[in-house]
Amino acid sequence: MRNRDDLARLLNAALAGDEKAYATFLHSVAAVVRSFAGRRAGSGKVDAEDVVQEALLAIHLKRHTWKTDAPVLPWVMAIARHKLIDAYRRGGQRIEVDLDNILETHAQPETEQPSAREIGRALDGLTPGQRQVVSAISVEGRSISETAEALAISQTAVRVALHRGLQAIAKRFGKAE
Amino acid sequence: MNTDALINALSMDNRRTAMPLTAAWWAALACAVLLAAAVFFLTLGPRPDIAEAANTPRFGFKFVVTLALAAGAFIAARRLSRPDVPVRRAMPWLAAAPLLVIGAVCAELSTVPSSAWAARLIGSNSLLCLSFIPLIGSAPLGMFLLALRNGAPSHPAIAGMVAGLLAAGVGATFYAAHCPDDSPLFVATWYTIATAILVLVGAITAPRVARW
């Protein structure tokens with residue numbers, strides 16, 4: 001696991017436009033959030049990987065809320081905690097995650113809730129154009145220019161579709177049940 | 001889509017999502033002041049004797065309080081819109097306005113005969129105060145809720161309350177220029193209730209508006 005200075009350096013580079021640094025940063029952060037959520041997935045009502053993906057999405061869309069030179073890990077964990085609490089609430093349970101990160105479940109869930117939070121399903125909510133672009137870049141791992149060529153559209157159009165697609169996915173995740 | 005695929009997509013998305021947080025708050029404040037000014041000058045305008053009133057200490061002190069409230073709430077609101085700031089670290093400057101008011105009330109009670117207290121507290125038009133501070137403060141509250149939406153508050157209801165305090169600080173600063181009642185007893189009572197209205201609206205709406 002990377003140390004704190006590494007994370008700050010990576011995030012700063014990412015914010016300056018370094019895609020590789022950003023990918024490295026996101027992978028490191030995913031590992032941290034995964035172990036945090038995994039310890040607290042409890043009785044299986046909450047899927048730890050869903051929390052990881054939601055947290056990554058939120059970290060991405062809210063990256064401008066990180067104060068440069070502030071510690072990165074507390075910021076990441078605050079976002080992860082927020083998404084974990086959301087996931088439990090959707091599952092019908094109330095939890096408290098206090099400053100010492102001790103988990104307590106309060107209420108019993110009323111119904112069995114299958115994990116409906118897969119990003120894969122969220123792709124269904126995109127427009128066809130957005131879906132093509134997001135799918136090409138994420139699942140197929142293509143670059144912006146490759147995607148633009150393959151779909152015969154401009155690179156700017158690809159970037160716009162990607163951006164809006166990610167925002168639409170985040171919105172679907174965030175919808176209250 | 002698995003997490004690796006998601007990270008592919010995220011790392012390639014470099015279109016800026018949002019205004020940087022500090023810039024968003026200053027922009028919101030600027031818009032809030034302009035909107036409040038528009039509402040104030042269209043509806044009330046300053047009181048006719050403002051030139052004479054400006055020489056009295058009580059009149060000027062009203063603005064000290066309202067600006068202290070606005071300043072403290074601005075600092076707190078900005079801090080609360082970051083997810084990693086603990087609530088207690090956001091709040092300290094909020095104490096300024098209440099302390100000033102309490103100090104002024106003590107001074108007033110000790111210098112003014114008790115027979116005059118009730119009249120000063122009740123004032124000449126508290127209804128005006130209770131309606132116009134929220135009215136003038138409502139567009140500002142809208143701006144500050146948008147600023148919260150730009151951010152990522154871990155405690156949206158509390159952040160909403162502070163946004164209400166900020167809106168009240170802005171609204172009351174304008175209203176104080178019209179308000180005929182200058183006694184700290186009046187301010188402590190009616191400005192506080194008017195503030196509470198905006199705080200309540202902020203607390204209720206922020207969790208919906210600033211969901212993330």
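Within every chain, numbering begins at 1; the chains are lettered A, B, ... in the order of the sequence lines, protein sequences first and strands thereafter. The analysis underlying the following values was restricted to heavy atoms, covering all of them including side chains, and did not include hydrogens, waters or symmetry mates.
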**Request:** Would you kindly say whether B:Ser11 and A:Glu19 are connected by a side-chain donor-acceptor distance under 3.5 Å?
**Result:**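 No, no side-chain donor-acceptor contact under 3.5 Å.
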**Asked** Side chains of A:His163 and B:Asn14: is there a donor and an acceptor less than 3.5 Å apart?
**Response**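 Distance-only check fails for A:His163 and B:Asn14.
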[X] versus chain B, the contacting section by heavy-atom distance below 4.5 Å:
X: A:Lys20; value: neither
X: A:Arg142; value: backbone
X: A:Ala58; value: side chain
X: A:Leu166; value: side chain
X: A:Val160; value: both
X: A:Val52; value: side chain
X: A:Glu140; value: neither

**Item:** A:His60 side chain reached by B:Asp13 side chain, heavy atoms, under 4.5 Å
**Value:**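 Yes, at least one pair of side-chain atoms sits under 4.5 Å.
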**Message:** With heavy-atom distances below 4.5 Å as the criterion, would you say the side chains of B:Pro83 and A:Ile79 are in contact?
**Reply:**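 When only atoms from C-beta onward are counted, A:Ile79 and B:Pro83 do touch, with a gap below 4.5 Å.
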**Request:** Between chain A and each of B:Asp84, B:Leu10, B:Leu21, count heavy-atom pairs under 4.5 Å; write down the option with the most.
**Result:** B:Leu10
**Message:** Between A:His82 and B:His155 (side chain of the first, backbone of the second, donor and acceptor by atom type, cut-off under 3.5 Å), is there such a pair?
**Reply:** no
**Message:** Can you give me the closest heavy-atom contact between B:Met12 and A:Ser143, atom names plus distance?
**Reply:** CE-CA, 3.5 Å
**Closest non-hydrogen atom pair, B:Asp4 against A:His27** =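 Of all heavy-atom pairs spanning B:Asp4 and A:His27, the closest is OD1-NE2, 3.2 Å.
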